[in-house]
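To keep things clear, I will list the structure first and then write my remarks on it.
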Amino acid sequence: MQLLFIHSDYIEYEAKEKTRVAEELETKSERVEEALVVFIAVEHEDEQNVDYVVTKAAEETISIFNKVGAERIVLYPYAHLSSELASPDKSVEILRALRDNLHAQGMEVKKAPFGWYKAFTLRCKGHPLSELSRKITVLEGAEVGEVKEVEAKSKALEAEEKAESQFFVMDDQGTLIPADEFDFGAEQANLRQFFLYESEKRRAVDKVPPHVELMKRLEIADYEPSSDPGNLRFYPKGELIKTLLEDYVRTTVAEYGAAEVETPIMYSVKHPALKDYIERFPARQYSMVGKGAKPDLFLRFAACFGQFLMSKDMSISYKNMPVKMFELAPSFRKEKRGELVGLRRLRKFTMPDMHTLCRDMDEALNEFKMQYELGMRVLDSIGFSSSDYEVAIRFTKDFYDANKDFITDLVNIAGKPVLIEMWDQRFFYFVLKFEFNFVDALGKASALSTVQIDVENAERYDIKYIDTSGAEKRPIILHCSPSGAIERCMYALLEKAYLEKERGIPPMFPLWLSPTQVRLIPIAERHLEYVESILPALSGLRVDVDDREETVSKKIRDAGREWIPYVAVVGDKEVETKTLSVTIRGESYGNTKKGKKQEMDVLELKTRVEQEIKGKPFRQLPLSNKLSKRVKFVGG
RNA sequence: GCCGCUGUGGCUUAGGGGUAAAGCGGCUGAUUCGUAAUCAGCAGAUCGUGGGUUCAAAUCCCACCAGCGGCUCCA
């Protein structure tokens, strides 16, 4: 039985039209003041134990009635609360029994007619307890007469709660060691951090995450108070970095063989295959309520639906497989307020999302391994070495028993101990997944690359291919994000730079992602003309000129605050000798934080930078190359 | 969503029942400078929003919004 309680100032209802299951009318219309209105759907299972459902419902109702201080009760049959309704006869019987039960306990009770279309007006009081819902369940296998309450919950969620998992560490020999017995030592301190985060999911910290301050100061991104939280604004430098990362992931995935597609960002909640997802995380959905004949829509949380719906309509032969498609998908997840942090966790983010349709588990495993390696390559190029992240591999026990060697293989490829999570049963769509997790300055872990083997959605979306015998078969689907969310990569780059700064290394971005790659600093105004004359020779790099009327010291300092990798000072000497005095941030002198200074000519500098960014995407500087022309986006 | 802390010019902060102070940034002027902040002057704030208490509120109270931390959670 589903119950929805509303403490109201009044309710007015009027029976309009009969349905086939209508009971005889006691009162056609009614207005009741100060009522606790109880919307009720009697469900199929309630028929098994009518007495106890009625008793329990009466108990609940009276308890809430007393708590909110209502004066009377209105029972309002409301079929829409459930999709597994009891038979109409039984429903009427139970509703009447409930009314009589409440009446017998001295309550003033009205019951709206069952089986009628009714018009109603209700004014809810709006205090904290004025809207409550309850579900009363007769559990299968329970003793006769035993009635147990549970919260209404989707089946997937219930299964997830029942599923139990265990953490292990797997070493390079393929030995599974329970994680709390593993000796992490100094070498695996980061893995230990990650395990603690995964198992306890709590860290006592009292600091603002370093990347939040950095993303503002470096004019990368910022909060936008006029939007929904977690929807950020990106300044030109941030947009540049984001676009470069997207360019990189896009071309890498294309080289891997995935076809880029675009699918809608919003979908109708009515689609049967989408329903399960939505019901699992209803509160995390951005949704729009349709009016009139327009459907209710929700914003996608990943590219899965679009690509699955596309796959359903494709004609796929075993000869075409594996089929890979990719999308740089703007995605929306209405995460709870307390979970949002800077660029780490957003409500709107860009998810590179690739799906691979495989003929069978063998092919899926083969692809899985390749995508595992792809993830490592992508992270390496973005600027994360394997010591910057920790590997997690998660699977069901059944899967592990059948594929032990495969898992050991993955651990060997990682080349270091890996955190293993083993579930006793499958509770969602996948049997195996891995993630590469970045552990930040505050000990928080977040996933970057990930791949999952999905054994469920081909069925749900009716995706099929024709095998060698001409029969239709269900593919196995791999979900892959080779880099993880683009914004999260930016967060990890910032946190990594911060961690390095703590260790005495000048913080910076990889050269290919640095907004300004080379800054030219004329010492006095008379050197400006020469500086501008060498700009054409540096085309193809992001070069700017600090032409502001400031002292050299100040310009150097500002370039350092912007993490600029190459800073070239030009004065009388350089004009004369046609050289540049270049400070290289990445090569610092011993313990001093100052970059190494080196004389070189323009061509040398250009060659050096080009060498360093070879094979990476390039975009022009999105700002004026003269600092005096540039606006400040953030304070100062 | 719940609990706690915070919210003062563009930025960072001080102050705290009698309508605001500083540094940075901006503007103006001087300086044309050799590797991590040149000097001086000027402009700029009804102190997050909305209520309330008070003769008087940025300051006290309430609600809301936002940020941060914790809980929870992350398809």
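Naming: A, B, ... by sequence-line order, numbering from 1 per chain.
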Query raised in the report: With no hydrogens and no angle check, do the side chains of A:Asp353 and A:His479 hold a donor and an acceptor under 3.5 Å apart?
Result: no
Query - Exercise: do A:Arg460 and A:Tyr429 side chains pair donor with acceptor under 3.5 Å - result: no
Query raised in the report: What integer number of Å spans the C1' atoms of B:rC5 and B:rA75?
Result: 33 Å
Requested in this report: Rounded to the nearest 0.5 Å, what's the gap from CD1 on A:Ile486 to CD1 on A:Ile241? Could you check?
Outcome: 12.0 Å
Query raised in the report: Once you round it to whole Å, what is the distance between P of B:rC74 and CE of A:Met351?
Result: 15 Å
Query raised in the report: What interatomic distance, in whole Å, is found between C1' of B:rG18 and the corresponding atom of B:rC47?
Result: 16 Å
Query raised in the report: When rounded to the nearest Å, what value does the distance between P atoms of B:rG34 and B:rG44 take?
Result: 36 Å
Query raised in the report: Is a donor-acceptor contact shorter than 3.5 angstrom present between the side chain of A:Arg333 and the base of B:rC74?
Result: no
Query raised in the report: Between atom CZ in A:Arg561 and atom P in B:rA37, what is the gap in whole Å?
Result: 12 Å
Query raised in the report: Taking the six-membered ring for Trp, are A:Tyr267 and A:Phe298 parallel (under 30°), tilted (30 to 60°) or perpendicular (over 60°)?
Result: tilted
Report task. Please work out if A:Leu346 contacts a base, only the sugar-phosphate, or nothing of the nucleic acid, heavy-atom cut-off 4.0 Å. Result -> nothing
Query - Rounded distance in Å between the P positions of B:rG4 and B:rC64 - result: 12 Å
**Report entry** Chi angles and distances behind the ring-ring contact (aromatic ring centres under 6.0 Å, His included) call for A:Phe168, A:Tyr400
**Finding:** CA-CA 13 Å; A:Phe168 300 91; A:Tyr400 179 63; 8.1 Å; no
Query raised in the report: What nucleotide among B:rG26, B:rA75, B:rU72 has an atom nearest to a side-chain atom of A:Lys336?
Result: B:rU72
Query raised in the report: How far, in whole Å, is B:rA21 from B:rA43 if one measures between their P atoms?
Result: 12 Å
Report task. Give the nucleotide from the list B:rG34, B:rC74, B:rG67 with an atom nearest to the side chain of A:Glu574. Result -> B:rG34
Query - Paired nucleotide for B:rG44 [Watson-Crick or G-U wobble; both distances under 3.5 Å] - result: none
Requested in this report: Determine the contact category for A:Arg526: base if any of its heavy atoms lies under 4.0 Å from a base atom, sugar-phosphate if only primed atoms, P, OP1 or OP2 are that close, otherwise nothing.
Outcome: sugar-phosphate
Report task. Tell me which nucleotide among B:rU32, B:rG26, B:rA75 gets nearest to the side chain of A:Ala524. Result -> B:rU32
Query - Pair A:Gln452-A:Asp454, side-chain donor/acceptor within less than 3.5 Å - result: no
Query raised in the report: When you measure from the side chain of A:Arg345, which nucleotide among B:rC74, B:rU35, B:rC33 comes out closest?
Result: B:rC74
Report task. Name the nucleic acid region contacted by A:Val567, choosing base, sugar-phosphate or nothing; use a 4.0 angstrom heavy-atom cut-off, strictly under. Result -> nothing
Query - Value in whole Å for how far the C1' atom of B:rG67 lies from CE of A:Met215 - result: 10 Å
**Report entry** Expected output: side-chain A:Asp547 to main-chain A:Lys626 donor-acceptor under 3.5 Å
**Finding:** no
Query raised in the report: Once you round it to whole Å, what is the distance between P of B:rA36 and CG of A:Asp558?
Result: 12 Å
Report summary line: note: A:Asp222, atom CG; B:rA66, atom P; distance rounded to Å ~ 15 Å
Report task. Quote, to the nearest angstrom, the C1' distance that separates B:rA58 from B:rU8. Result -> 7 Å
Report summary line: Partner of B:rC2 under the Watson-Crick or G-U wobble criteria, both distances under 3.5 Å, comes out as B:rG70
Report task. Could you work out which one of B:rG34, B:rA37, B:rG25 sits closest to the side chain of A:Lys632? Result -> B:rG25
Query raised in the report: Is there a Watson-Crick or G-U wobble partner for B:rG29 with both distances under 3.5 Å, and which nucleotide is it?
Result: B:rC39
Query raised in the report: Hey, does A:Ser446 reach any base, or is it just sugar-phosphate, or nothing, if we go heavy atoms under 4.0 Å?
Result: nothing
**Report entry** Rounded distance in Å - CD1 (A:Ile564) to P (B:rU35)
**Finding:** 19 Å
Query raised in the report: When you check the side-chain N and O atoms of A:Glu562 and A:Thr516, is any donor under 3.5 Å from an acceptor?
Result: no
Query - Partner nucleotide, any strand, of B:rU49 [Watson-Crick/G-U, under 3.5 Å] - result: B:rA63
Report summary line: Scanning all shown strands, the Watson-Crick or wobble mate of B:rG34 with both distances under 3.5 Å is none
**Report entry** Proximal nucleotide (of B:rA75, B:rG34, B:rU35) relative to the A:Asp572 side chain
**Finding:** B:rG34
Report task. Round to a whole Å and report the spacing from NE2 of A:His211 to P of B:rG69. Result -> 9 Å
**Report entry** Counter-base of B:rG9, judged by Watson-Crick or G-U geometry with both distances under 3.5 Å
**Finding:** none
**Report entry** Watson-Crick or G-U wobble partner of B:rA58, both distances under 3.5 Å
**Finding:** none
Report task. Rounded to whole angstrom, note down the C1' distance from B:rA56 over to B:rG23. Result -> 32 Å
Query raised in the report: What is the ring orientation for A:Phe434 with A:Phe436, classed by angle as parallel under 30°, tilted 30 to 60°, or perpendicular over 60°?
Result: tilted
Query raised in the report: Can a side chain N or O of A:Lys444 be found less than 4.0 Å away from OP1 or OP2 on B:rG70?
Result: yes
**Report entry** Residue from A:Lys555, A:Arg519, A:Lys629 passing salt bridge (Lys or Arg N to Asp or Glu O under 4.0 Å) with A:Asp544
**Finding:** A:Arg519
Query raised in the report: Quantified in whole Å, what is the C1' atom distance between nucleotide B:rG52 and nucleotide B:rG70?
Result: 31 Å
Grab the N/O contacts between the protein and nucleotides 38-43 of chain B below 3.5 Å, and write none if there aren't any.
{"unit_1": "B:rU38", "atom_1": "OP1", "unit_2": "A:Thr551", "atom_2": "OG1", "d": "3.2"}
{"unit_1": "B:rU38", "atom_1": "OP2", "unit_2": "A:Thr551", "atom_2": "OG1", "d": "3.0"}

**Report entry** A:Glu219 CD - B:rC11 P separation (whole Å)
**Finding:** 13 Å
Report task. Identify whether any heavy atom of A:Lys555 sits under 4.0 Å from a base atom; if not, whether one sits that close to sugar-phosphate; answer base, sugar-phosphate or nothing. Result -> nothing
Report task. Let me know, please, whether A:Gly571 or A:Asp228 comes out on the 5' side of the other along RNA chain B by nearest nucleotide. Result -> A:Gly571
Query raised in the report: Closest to the A:Glu339 side chain: B:rG34, B:rC73, B:rA66?
Result: B:rC73
Query raised in the report: Are A:Tyr491 and A:Asp440 close enough that a side-chain donor and a side-chain acceptor fall under 3.5 Å?
Result: yes
Query raised in the report: Between A:Val582 and A:Gly342, which is nearer to the 5' end of RNA chain B once each is assigned its nearest nucleotide?
Result: A:Val582
Query raised in the report: Counting any heavy atom closer than 4.0 Å, what does A:Val552 reach on the DNA or RNA strands: base, sugar-phosphate only, or nothing?
Result: sugar-phosphate
